[in-house]
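Below, chain A is the first sequence line, B the second, and so on; all start at residue 1. Computed from heavy atoms alone, side chains included, the values below leave out hydrogens, waters and symmetry copies.
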There are 2 protein chains.
Amino acid sequence: MYLELRHLRSFLAIDETGSLARAAERLHLTQSALSHQVKALENYYGTPLFLRSTKPLRLTPAGRKLLELARHVLPGVEQVEGELQRVARGRAGRLHISIECHACFEWLLPLLDRYREQWPEVEVDIRLGVSFDPIPALQNGTLDLVISSDPVAGNDLVFEPLFAYQALLVLARGHKLTKKDRVEAGDLADQTLITYPVERKRLEVFSRFLQPAGVEPAFVRQVELTAIILQLVAGRRGVAVLPDWVVREPVRQQRLAVRALGASGLFGTLYAAVRSLDRSVAYMDAFIRLARDAAGSGNGVVTG
Amino acid sequence: MYLELRHLRSFLAIDETGSLARAAERLHLTQSALSHQVKALENYYGTPLFLRSTKPLRLTPAGRKLLELARHVLPGVEQVEGELQRVARGRAGRLHISIECHACFEWLLPLLDRYREQWPEVEVDIRLGVSFDPIPALQNGTLDLVISSDPVAGNDLVFEPLFAYQALLVLARGHKLTKKDRVEAGDLADQTLITYPVERKRLEVFSRFLQPAGVEPAFVRQVELTAIILQLVAGRRGVAVLPDWVVREPVRQQRLAVRALGASGLFGTLYAAVRSLDRSVAYMDAFIRLARDAAGSGNGVVTG
DNA sequence: GATACATAATGAATACGTTTCATCATTATT
DNA sequence: AATAATGATGAAACGTATTCATTATGTATC
């Protein structure tokens, strides 16, 4: 275990220039250095690598094996070095995102389309496998960014606020609760509540609205896709609590009605959590800015 | 251009052991050395390669690129190093052979079959492209061994005698020249001579027999394959001059007759020419021994 | 939450190996 | 045969990877 890339680079140069002297020039070394280097290798392997008796220096079969190795290895090395340079400049890198809130797909997917165009060298992906416990995954490097609505302490992470939202009760047109301006927890006791299929503690309806009031809905139905939830609500199969940005459009088209939750409404803020180290990386910063813009262009707070 | 294989080997060890301390042990280094090494790389590329905040040390995406490079590169390096070790021990290598004498295929091909079995790691090949001027090709490394019947000076090459042979005039049974015990050059003046399609100076009939006597055959016909030449001679289309080992069998079966050339017969010796450097290499020596054995087991001199 | 343990980071000193320098030997070219 | 050009060689210089000794940090354990 002695061979180094230096040797392979020398071999390539010697072969391409056909002489130690010219190769040395190209490598910014002296002819002597190369001569010593080759000799050391020949010594180490116990077999000649060059035929010295000919004038355009020629390789022995053993030497040719090293040359082939150089040709096989060095391009890959150069490519990776180039990539690392771009990573250092923040042009390239990995952006594996996890979302705690199911509804975020709504604005995240179109955003990623635009992002990919501007940052083609960033490997963007949404990782659903770790969505149950994303913060440790972010800390240990499995993830690079987490969309979350509750910041946690820890100085190795930063939570960048993206935009505020309001959780709204979504109702079919003419639903009896549309008669009330503000809906209280008790109003849901006789309702079917449609939620995403995740733990209750991760659903704000429960953690911040129903559980504090000790209310349990008549029935809870779990549905994966936002579009289906909206269909079911419109079809009077139940009610749902969703962030404002999801229901803005159907409400505008008068396909659905919404009501604020509680006396003052249920508000929250969406954050992008990243490792402190990564915060200043160009492609990270760009993503956060883009996400904030996404809010500005239509996901404003609906004040009920 | 700073990365070295050492760094890749370190990366692999660190990733596989999950800690600098254990990796250092495996690499016969201190933990400190590895720490410095990693830090130098991070410094050089301007980007972190490991996440320090976690206990099983984890790679950043940039670090993972280096690890992938290591996984891609190191197996190839190890393999080539292994091959070079075997080359040094004379177990592996290249044996590109050129034959000056066309008739040598007769004993060379079966010999190579046996040789390949015993030396599977040697790349054996017969190179016909350089047969017109094989000695310089041997000197500059294009060839590794030349079967030749005339040694030339030069201390970078050695000519190892393989076996002696006699050039014999091959005749059809009952041909008029079979009446003579010894055939002189003049006897061929009215004959059709069948030769291999090579320059006259490389044909011993001409260079050592006809030209010294100033005799030209009535007609010269060039044929590539030995078997065809023998057929044509048997069919009375002409006569040929071939080494004894080629005609031993047809003569024994009384399908052809042979006569010595000149008063004392035309004898020669076949040599294996190799670079002096290669002479002691195990697989070269083995080939030469095998070729000599081939002579002993049937290619003895026919004394006319 | 404090303590002990393991592991990594750091700075200075050392040791090692590569490179240079100066020179000689060899090989092509005229 | 003479002369460039190129490669080989040995000793010295240089740079840098490694070690040593120590501190800092983080992880388990009580």
Side-chain angles (χ1 to χ4, degrees), chain A residues 1-11 13-45 48-60 63 136 139-141 153-157 275-277, chain B residues 1-11 13-45 48-60 63 136 139-141 153-157 275-277:
Chain A
M1 281 295 215
Y2 167 70
L3 193 71
E4 288 294 347
L5 289 180
R6 164 167 26 98
H7 300 125
L8 297 184
R9 299 195 241 264
S10 297
F11 253 70
I14 295 171
D15 179 75
E16 285 178 7
T17 61
S19 98
L20 291 194
R22 278 190 297 277
E25 199 174 352
R26 178 197 287 196
L27 297 167
H28 308 294
L29 286 174
T30 59
Q31 167 271 126
S32 176
L34 279 189
S35 180
H36 281 296
Q37 203 175 85
V38 171
K39 194 189 169 191
L41 276 183
E42 291 182 325
N43 224 47
Y44 176 72
Y45 289 115
L49 301 169
F50 283 96
L51 289 167
R52 304 330 219 285
S53 47
T54 63
K55 218 26 178 206
L57 224 54
R58 284 185 67 99
L59 291 161
T60 62
Q139 285 168 323
N140 75 18
N155 53 6
D156 54 344
L157 299 183
R275 284 181 293 274
S276 318
L277 267 175
Chain B
M1 282 295 212
Y2 168 70
L3 193 72
E4 288 294 346
L5 289 179
R6 162 169 31 96
H7 301 126
L8 296 184
R9 299 194 242 264
S10 298
F11 253 72
I14 294 171
D15 180 74
E16 285 179 6
T17 61
S19 99
L20 291 195
R22 278 189 299 276
E25 199 174 352
R26 178 198 288 197
L27 296 168
H28 307 295
L29 286 175
T30 59
Q31 168 269 128
S32 176
L34 279 189
S35 179
H36 282 296
Q37 203 176 85
V38 170
K39 194 188 171 196
L41 276 183
E42 291 183 325
N43 225 46
Y44 177 73
Y45 289 115
L49 300 170
F50 283 95
L51 289 167
R52 305 329 221 284
S53 47
T54 62
K55 221 18 174 217
L57 225 53
R58 283 185 68 97
L59 291 161
T60 62
Q139 285 168 323
N140 75 18
N155 52 7
D156 54 343
L157 300 183
R275 284 181 293 276
S276 318
L277 267 174

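The side-chain heavy atoms of A:Q31 and A:S35, taken from C-beta on, include a pair separated by under 4.5 Å. Using a 4.5 Å heavy-atom threshold, the side chains of B:L49 and B:L41 count as touching.
Of the residues in residues 22-35 of chain B, B:H28, B:L29, B:T30, B:S32, B:A33 come within less than 4.0 Å of DNA chain D through at least one heavy atom, sorted by number.
Set against C:dA8, D:dA17, D:dT9, the side chain of B:L20 has C:dA8 as its closest nucleotide. Proximity note for A:S19 (side chain, C-beta onward) versus C:dT7, D:dG10, D:dT6: the nearest is D:dT6.
Across the helix from C:dG1-D:dC30 to C:dT30-D:dA1, the helix axis at one end is tilted relative to the axis at the other end by 40° (nearest 10 degrees, each axis from five pairs).
Contact detail for A:R22 and A:G18: the closest heavy-atom pair is NH2-C, 4.1 Å.
Between the side chain of B:T17 and the backbone N or O of B:A13, at least one donor-acceptor pair lies under 3.5 Å.
In terms of the salt bridge (charged side-chain N to carboxylate O under 4.0 Å, His left out) criterion, residue partners of A:E16 (sequence neighbours excluded) are, by chain and number, A:R26. Scanning for side chain to side chain donor-acceptor pair (under 3.5 Å) contacts around B:R6 gives an empty result, with sequence neighbours left out. Partners of A:R58 under the salt bridge (charged side-chain N to carboxylate O under 4.0 Å, His left out) rule, at least two apart in sequence or in another chain, do not exist in this structure. Residues passing the ring-ring contact (aromatic ring centres under 6.0 Å, His included) test with A:F50 are A:F11, sequence neighbours excluded. Taking the side chain to side chain donor-acceptor pair (under 3.5 Å) definition, one finds that A:E42 meets it with A:R52, sequence neighbours left out. Listed by chain and residue number, A:S10, A:I14, A:L20, A:A23, A:A24, A:L27, A:L29, A:Q37 satisfy the side-chain contact (heavy atoms from CB on, under 4.5 Å) test with A:L34 (two or more places apart in sequence, or in another chain).
In this structure, A:F50 atom CZ and D:dA8 atom P are separated by 9 Å, rounded to whole Å. Atoms CG (A:N43) and C1' (C:dT18) sit 15 Å apart, rounded to a whole Å. Rounded to a whole Å, the CZ atom of A:R58 is 19 Å from the P atom of D:dT6. In this structure, NZ of B:K39 is placed 14 Å from C1' of D:dA17, rounded to the nearest angstrom. As rounded to whole Å, 11 Å separates atom C1' of C:dA9 from atom CD of B:E42. If you measure from atom CD of B:E4 to atom P of D:dA17, you get 9 Å, rounded to the nearest angstrom.
For A:Y2 and C:dT18, the shortest distance from a side-chain N or O to OP1 or OP2 is below 4.0 Å. Under 4.0 angstrom from either OP1 or OP2 of D:dA17 there lies no side-chain N or O belonging to B:Q37.
Side-chain N/O atoms of B:H36 and base N/O atoms of C:dG11 include a donor-acceptor pair closer than 3.5 Å.
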List, with names and distances, any nitrogen or oxygen atoms from the protein found under 3.5 Å away from nitrogen or oxygen atoms belonging to nucleotides 26-30 of chain C.
none

Assess the residue pair B:L8 and B:L3 against the criterion (side-chain contact (heavy atoms from CB on, under 4.5 Å)); give the C-alpha distance rounded to whole Å, side-chain angles, the decisive distance to 0.1 Å, and a yes or no.
CA-CA 8 Å; B:L8 296 184; B:L3 193 72; 4.2 Å; yes

